[in-house]
Number of protein chains: 2
Amino acid sequence: MNIGQAAERSGVSAKMIRYYEGIGLITAPARTGSNYRVYGEDEVHVLRFIKRARTLGFSVEETATLLGLWQDRSRASAEVRDIAKEHIVALETKIAELNGMVSTLKHLVHCCHGDDRPDCPILDDLAQGNPQ
Amino acid sequence: MNIGQAAERSGVSAKMIRYYEGIGLITAPARTGSNYRVYGEDEVHVLRFIKRARTLGFSVEETATLLGLWQDRSRASAEVRDIAKEHIVALETKIAELNGMVSTLKHLVHCCHGDDRPDCPILDDLAQGNPQ
DNA sequence: TATAGACCTTCCCATTATGGTAAGGTCAAG
DNA sequence: CTTGACCTTACCATAATGGGAAGGTCTATA
């Protein structure tokens, strides 16, 4: 099948398929006489794997590692589990950070009367005691 | 004061101060005869405002709007509040997305025995029924 | 058979916000 | 006068994705 079909069936855009090939995440597929890329079921499976990993927030680099482990029939599941665990920690750190921002902002919004007067605690906080 | 001092006093790196000037977020400061940028207290205040807004997760573009409102003595606080509210919604959407990833991953990690055997539910999920 | 339209190819550019580096000018202290 | 710490501009890199241009190919239909 052509790249468009592979894109549709995997959920990875044609643009990104070429990109993944360029950075070596996937191997270059066969070409037709007119230089079109040709994909089979195996390639689509790999692309779906990548898509799923990316959807779960793994970076392309982490995805590459996971892909390698997937294709290594003798890998230890502990390795995969460690990567997943580290990723969870990273995600939770990010979530905590965002939660911190949200609570600060909610407090500020709560304090701001939000009418047509210029007085605004939100801006006052941003200015943090700066005059003007 | 020179850019290094302004950077130290505002928490914005010299590199970023020049960048903000380049994109028009801040106005170009005066220069010495030897072409050094010269900053005063006012500029440092503006930089601190920017730093705080960025820390709260506002994009540079949103920061520009907030900065405009800050410097507009006749602005309505409702305008600022709306921007903050929209930003909260965006942050909460992002948080929900990350939480979804985390719970999926936690489930998978829980299912994975994580020893030296190759069998791994995490990879199986990524492959989503793909053979190999 | 000719042509239109939907594909494909490569190459270049843009995004967001930040950091790094290199080559060169300036300033202050010793 | 030299040294080291500063400043200047300019260019490159990041991560992952999209957009578009210029040109080749394939297929269905008039």
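Numbers restart at 1 for each chain; the letters A, B, ... are given by sequence-line order, proteins then strands.
Between the CE atom of B:M16 and the C1' atom of C:dG20 there is a distance of 14 Å, rounded to whole Å. One atom, CD1 of A:I3, and another, P of D:dC26, lie 16 Å apart when rounded to the nearest Å. Here the P atom of nucleotide D:dA16 and the CG atom of A:L56 are 15 Å apart, to the nearest Å. Atoms CD (B:E62) and C1' (C:dA17) sit 14 Å apart, rounded to a whole Å. For the pair A:Q5 CD and D:dC26 P, the interatomic distance rounds to 16 Å; values are reported in whole Å. Taking atom CE of B:M1 as the reference point, atom C1' of D:dC6 lies 16 Å away to the nearest angstrom. When rounded to the nearest whole Å, the span between CG of B:N2 and P of C:dA28 equals 9 Å. Between the CD1 atom of B:I50 and the C1' atom of C:dT18 there is a distance of 15 Å, given to the nearest Å.
Within 4.0 Å (heavy atoms only), A:S59 reaches sugar-phosphate atoms of the nucleic acid but no base atom. Using a 4.0 Å heavy-atom criterion, one finds that A:R37 contacts the sugar-phosphate atoms exclusively. Within 4.0 Å (heavy atoms only), B:R54 reaches sugar-phosphate atoms of the nucleic acid but no base atom.
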Would you tabulate the nitrogen or oxygen pairs shorter than 3.5 Å linking the protein to nucleotides 24-26 of chain C?
| from | atom 1 | to | atom 2 | distance (Å) |
| --- | --- | --- | --- | --- |
| C:dG25 | N2 | B:Y36 | OH | 2.7 |
| C:dT26 | O4' | B:Y36 | OH | 3.2 |

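The side chain of B:R31 places an N or O atom within less than 4.0 Å of a non-bridging phosphate oxygen (OP1 or OP2) of D:dT9. Proximity of A:Y19 to the phosphate of D:dA15: no side-chain N or O atom is located under 4.0 Å from OP1 or OP2. Remark: B:S13 is not in phosphate contact with C:dT18, judged by side-chain N or O atoms under 4.0 Å from OP1 or OP2.
Summary of the strand contacts: A:F58 and B:E21 both lie near DNA chain D, and taking for each the nucleotide with the nearest heavy atom, the more 5' one is attributed to B:E21. Nearest-nucleotide positions on DNA chain C for B:E61 and B:T32 put B:E61 closer to the 5' end.
The B:K15 side chain lies nearest to C:dG19 when the options are D:dC7, C:dC12, C:dG19. Side-chain proximity of B:R18 to D:dT9, D:dA16, C:dG19: nearest is D:dT9. Here D:dT17 is the nucleotide among C:dC8, D:dT17, D:dC11 with the atom lying nearest to any side-chain atom of A:Y20.
Looking only at side-chain heavy atoms (C-beta outward), B:W70 and B:V46 come within less than 4.5 Å of each other. Under the 4.5 Å side-chain criterion, counting only non-hydrogen atoms from C-beta, B:H107 is not in contact with B:S103. Side-chain contact between B:V60 and B:Y20 is present, with at least one heavy-atom pair separated by less than 4.5 Å. Side-chain atoms of B:P29 and B:R37, non-hydrogen and from C-beta on, do get closer than 4.5 Å to each other.
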For this session: Take B:V102 and A:E92 through the side chain to side chain contact (heavy atoms under 4.5 Å, CB included) test and state the conclusion after the steps.
Result: CA-CA 7 Å; B:V102 166; A:E92 284 180 333; 3.9 Å; yes
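The backbone N or O of B:N2 sits nowhere less than 3.5 Å from a side-chain atom of B:Q5 that would complete a donor-acceptor pair.
Residue B:I3 holds its CD1 atom at 10.5 Å from NZ of B:K15, rounded to the nearest 0.5 Å.
We find that B:E41 and B:R48 are not joined by a salt bridge, their nearest charged nitrogen and carboxylate oxygen being 4.0 Å or further apart.
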